[in-house]
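A short write-up of the structure that comes next.
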Amino acid sequence: MGAQLRVYKRRIRSVTATKKITKAMEMIAASRIVKAQRQVTASTPYASELNRAVAAVATGSNTKHPLTTEVEAPTRAAIVLITSDRGLAGGYSSSAIKAAEKLTERLRGEGKEVDTYIVGRKGVAYYGFRERKVADSWTGFTDSPTYADAKRVAGPLIEAVTTETAEGGVDELHIVFTEFVSMMTQNPVENRMLPLSLDKAEKAEGAKDEILPLFDFEPSAEDVLDALLPRYVESRIYNALLQSAASEHAARRRAMKAATDNAGDLIKSLSRLANAARQAEITQEISEIVGGSSALADANAGSDK
């Protein structure tokens, strides 16, 4: 019985140490969510004005450009998948991966070849384990992305969009990330970044119905679109990275809180079992003492006769 009690005490110490770790991780994730939310809010005005600028150029000219013009029969598409570098975040990465898998199946069903670009070690590990080809990947910054990271990701994507499909380029560019809705809700979403749908862009940014002014473009509308293309892609990727970072922290906080609560419940259960084992041990010791005393009394009584 004493051995069983030692086992319970050892497990209680182990679970208590785990509870301290998960509680610390929960607090760290909670502190990082606020910063990530502020960054998402701060990046929104720039993205809104950039979309308005693209809309102005597109409506004020008839220039065909990869930023605004759809290919009649697209044959190749690229998908950017944003996952996390670290685990312990519940189903955060797996939900984004599932959304990317569904998008890939849909695009292939439409007869398009798909190139996959991945951000985050979880996505890289998923595709690497299944020996699937990845066009490019980036890791090491998912929990705290910067604009420089977004530019690094956007570089190969812009090159793929501006290259002819016969030479390895793509006709469409899609992005899969996790949208931060609230502390309790984060939804994996997929959006087509290029070619840009102006109607959807205006609705997404909450733009009011307005008549855009007429512009003269110098040196040309095509040159203006060439200048806007990298900034548009970079801003969209940066916003997606920030949304994903906030979602990752929220998912990790929720997962660590659940782990902390479960550890507390397990400690209570083990404590009850340990107390029961201790009580059984005491009862057994008392029984042994009483039994020994009775046996000694019987032996003394026999000797007196």
Side-chain angles (χ1 to χ4, degrees), residues 36 39-40 42-44 46-47 49-51 53-54 57 63-71 74-85 96-97 100 103-104 107 112-128 132-178 189-197 201 222-245 248:
Q39 289 179 319
V40 171
S43 68
T44 301
Y46 177 78
E49 290 302 318
L50 196 57
N51 281 345
V54 173
V57 179
T63 302
K64 292 185 178 181
H65 193 274
L67 182 57
T68 57
T69 305
E70 295 192 27
V71 179
T75 58
R76 290 178 63 87
I79 297 177
V80 185
L81 169 62
I82 300 178
T83 62
S84 65
D85 285 322
I97 291 173
L103 176 59
T104 300
L107 293 176
K112 303 171 186 175
E113 297 182 31
V114 179
D115 292 337
T116 305
Y117 297 78
I118 301 178
V119 177
R121 290 190 179 93
K122 289 299 179 181
V124 173
Y126 178 89
Y127 279 75
R132 298 182 184 178
K133 183 179 179 181
V134 175
D136 206 345
S137 62
W138 303 266
T139 60
F141 55 82
T142 59
D143 60 343
S144 183
T146 64
Y147 197 82
D149 297 323
K151 291 185 68 174
R152 188 151 56 93
V153 175
L157 302 176
I158 296 171
E159 183 179 355
V161 170
T162 55
T163 302
E164 295 293 334
T165 53
E167 301 176 1
V170 297
D171 300 316
E172 296 178 356
L173 177 58
H174 300 258
I175 186 168
V176 178
F177 65 98
T178 306
V189 296
E190 57 93 359
N191 292 326
R192 191 184 74 176
M193 286 201 296
L194 293 175
L196 173 64
S197 176
E222 185 176 0
D223 291 332
V224 173
L225 289 173
D226 286 339
L228 289 175
L229 175 61
R231 289 167 177 78
Y232 169 77
V233 175
E234 290 166 6
S235 68
R236 288 292 300 273
I237 292 177
Y238 183 51
N239 184 265
L241 288 173
L242 294 177
Q243 293 264 7
S244 298
E248 178 184 348

- Compare every heavy atom of Pro145 with every heavy atom of Ala245, then report the nearest pair and how far apart it is. CB-CD, 3.8 Å
- How long is the gap from CD on Gln243 to CD on Glu248, to the nearest 0.5 Å? 13.5 Å
- Answer yes or no: is there a side-chain heavy-atom contact under 4.5 Å between Leu107 and Ile79? yes
- Message: Nearest 0.5 Å, please: how far is CG in Asp171 from CG in Leu194?
- Response: 11.5 Å
- State which residues pass side chain to side chain donor-acceptor pair (under 3.5 Å) with Thr83; sequence neighbours excluded, sorted by chain then number. none
- Query: Can you list the residues that meet the ring pair (Phe, Tyr, Trp, His ring centres under 6.0 Å) rule with Tyr147, with sequence neighbours excluded?
  - Reply: Tyr238
- Task: Enter the distance from Glu234:CD to Leu50:CG here, rounded to the nearest 0.5 Å.
- Result: 9.5 Å
- Is there side-chain contact between Leu81 and Tyr127, with heavy atoms separated by less than 4.5 Å? yes
- For Asn191, enumerate each residue passing the side chain to side chain donor-acceptor pair (under 3.5 Å) test, keeping only those at least two apart in sequence or located in another chain. none
- From Asn239 atom CG to Ile175 atom CD1, the distance as rounded to the nearest 0.5 Å: 9.0 Å
- Spatial distance of atom OG (Ser235) from atom CD (Glu49) [nearest 0.5 Å]: 12.0 Å
- Query: With sequence neighbours excluded, what pairs up with Arg152 under the side chain to side chain contact (heavy atoms under 4.5 Å, CB included) test?
  - Reply: Trp138, Phe141, Asp149
For residues 154-163, dump all side-chain donor-acceptor pairs below 3.5 Å to protein atoms at least two apart in sequence or in another chain.
from: Thr162; atom 1: OG1; to: Ile158; atom 2: O; distance (Å): 2.8
from: Thr162; atom 1: OG1; to: Glu159; atom 2: O; distance (Å): 3.2
from: Thr163; atom 1: OG1; to: Glu159; atom 2: O; distance (Å): 2.5

- Note on the structure: Tightest non-hydrogen contact, residues Gly120 and Asp85, listed as CA-OD1, 3.4 Å
- Residue list, side chain to side chain donor-acceptor pair (under 3.5 Å) with Thr178, at least two apart or on another chain: none
- Do you know which two heavy atoms are closest between Ser43 and Leu242, and how far apart they sit? OG-CD1, 3.9 Å
- Message: Could you work out, with side chain to side chain donor-acceptor pair (under 3.5 Å) as the rule, every residue matching Arg132, not counting sequence neighbours?
- Response: Glu101
- Item | From Asp143 atom CG to Ser244 atom OG, the distance as rounded to the nearest 0.5 Å | 12.0 Å
- Under the 3.5 angstrom rule, does the side chain of Arg192 hit a backbone N or O of Pro195 as a donor-acceptor pair? yes
- Would you mind listing every side chain to side chain donor-acceptor pair (under 3.5 Å) that reaches into residues 112-125, with sequence neighbours excluded? Arg76-Glu113, Arg76-Asp115, Glu110-Lys112, Lys112-Glu172
